[in-house]
Amino acid sequence: MRNRWLAFALLIAMGALLMGAAACKSSSSGTKKTSTPAKTPAAATHTPSSGITPAATAGLPSAQGEVAVTLVEYQLKPIPTSVPGGSVKFTARNIGKATHQFMVVKTDLAPTDLPKKADGSYDEAAPGAEMIDNVKDIAPGTTGTLTLTLDPGKYVLICNVVQTTNGQTVSHYAQRMATEFTVTQ
């Protein structure tokens with residue numbers, strides 16, 4: 001029993017020593033060290049059902065007029081969700097396992113109410129929503145950028161990929177891979 005207590009006390013002492021060493025390593029010179037995110041995609045730790053986490057968007061642009069967009073099966077998340085009108089740079093990062101597309105559509109319609117084709121994808125030629133621009137074929141673990149001059153109004157950001165796997169056709173837009181986005185005055 002005494003040996004167990006001694007081992008326990010030793011573990012606590014080692015933990016305190018490690019915590020103290022980590023505290024000593026912090027900079028006291030007033031400069032803040034930051035780490036650069038690894039180029040390795042986070043896809044290995046994310047599954048389609050796991051969703052988009054704050055860690056998935058870490059390190060992406062956050063300056064005014066810059067929007068970090070995370071793509072994963074079947075979610076699309078912009079940060080921030082609203083920017084002032086003018087030049088807007090979208091950086092779309094695919095953390096999923098499938099290839100995605102990033103599309104900006106100007107419309108007053110709800111994200112799931114855009115006109116659709118028979119396969120469930122957004123119909124770019126139909127009235128009611130104007131496709132502004134897009135980045136196609138954003139492979140897993142890669143990033144696509146799109147810089148646009150946007151007028152104030154309502155927009156929808158979508159992935160309009162349609163893929164056929166094992167005879168089944170899946171529209172990412174039909175799977176609700178869309179979200180609203182606002183450009184203010």
Side-chain angles (χ1 to χ4, degrees), residues 37-62 65-83 88-151 153-183:
K39 300 253 183 206
T40 305
T45 59
H46 294 281
T47 60
S49 61
S50 68
I52 298 171
T53 64
T57 58
L60 290 177
S62 62
E66 292 191 18
V67 181
V69 182
T70 304
L71 307 166
V72 66
E73 296 76 311
Y74 297 100
Q75 298 177 40
L76 184 148
K77 183 175 183 176
I79 297 176
T81 59
S82 178
V83 295
V88 180
K89 179 181 179 184
F90 293 96
T91 302
R93 180 178 176 201
N94 182 351
I95 65 166
K97 294 182 180 181
T99 296
H100 292 291
Q101 175 184 24
F102 174 71
M103 184 179 287
V104 178
V105 179
K106 185 168 175 53
T107 184
D108 286 328
L109 298 172
T112 56
D113 293 341
L114 299 179
K116 298 172 190 70
K117 294 181 182 178
D119 62 9
S121 65
Y122 158 61
D123 186 350
E124 298 170 28
E130 175 191 1
M131 196 276 284
I132 304 298
D133 207 347
N134 69 89
V135 180
K136 294 181 180 181
D137 301 325
I138 304 172
T142 65
T143 299
T145 60
L146 185 63
T147 300
L148 303 169
T149 300
L150 298 177
D151 294 328
K154 293 181 180 181
Y155 293 81
V156 174
L157 309 178
I158 72 169
C159 174
N160 207 31
V161 166
V162 177
Q163 65 188 79
T164 302
T165 307
N166 298 327
Q168 278 196 325
T169 300
V170 175
S171 161
H172 291 200
Y173 173 70
Q175 295 296 317
R176 298 182 179 265
M177 195 167 177
T179 192
E180 28 183 74
F181 186 77
T182 305
V183 176

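The figures here come from the full heavy-atom set of this structure, side chains too, leaving out hydrogens, waters and symmetry mates.
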Would you please name every residue forming a side-chain hydrogen bond (donor to acceptor under 3.5 Å, both in side chains) with Thr165, sequence neighbours left out?
none
Which residues satisfy the side-chain contact (heavy atoms from CB on, under 4.5 Å) test with Lys106, sequence neighbours excluded?
Ile132, Tyr155
Taking side-chain hydrogen bond (donor to acceptor under 3.5 Å, both in side chains) as the definition, give me every residue that meets it alongside Ser121, ordered by chain and number, with sequence neighbours left out.
Asp119
Spacing of CD1 belonging to Ile95 relative to CD belonging to Glu73, to within rounding of 0.5 Å:
9.0 Å
List the steps, then state whether side-chain hydrogen bond (donor to acceptor under 3.5 Å, both in side chains) holds for Thr164 with Thr169.
CA-CA 4 Å; Thr164 302; Thr169 300; 3.3 Å; yes
Taking only residues two or more places apart in sequence or in another chain, which ones pass side-chain hydrogen bond (donor to acceptor under 3.5 Å, both in side chains) with Gln163?
His172
Among residues at least two apart in sequence or on other chains, which ones pass side-chain contact (heavy atoms from CB on, under 4.5 Å) with Asp113?
Leu109, Ala110
Sorted by chain and residue number, the side-chain contact (heavy atoms from CB on, under 4.5 Å) partners of Thr147 (sequence neighbours excluded) come out as Ser87, Lys89
Atom pairs and distances, side-chain donor-acceptor, residues 133-141, under 3.5 Å, sequence neighbours left out:
residue, atom, partner, partner atom, Å
Asn134, OD1, Gln101, NE2, 3.2

Would you give the length of the straight line joining atom CE of Met177 to atom OH of Tyr74, rounded to the nearest 0.5 angstrom?
9.0 Å
Rounding to 0.5 Å, atoms OH (Tyr122) and CE (Met103) come to a distance of 7.0 Å
Residues two or more places apart in sequence or in another chain: which of them pass side-chain contact (heavy atoms from CB on, under 4.5 Å) with Glu180?
Pro111
Report the residues that fulfil ring pair (Phe, Tyr, Trp, His ring centres under 6.0 Å) with Phe90, sequence neighbours left out, ordered by chain and then residue number.
Phe102, Phe181
side-chain hydrogen bond (donor to acceptor under 3.5 Å, both in side chains) with Ser82: which residues, sequence neighbours excluded?
none
A quick test of your reading: do over 12 heavy atoms of other residues, nucleotides or ligands sit less than 6.0 Å from NZ of Lys116?
yes
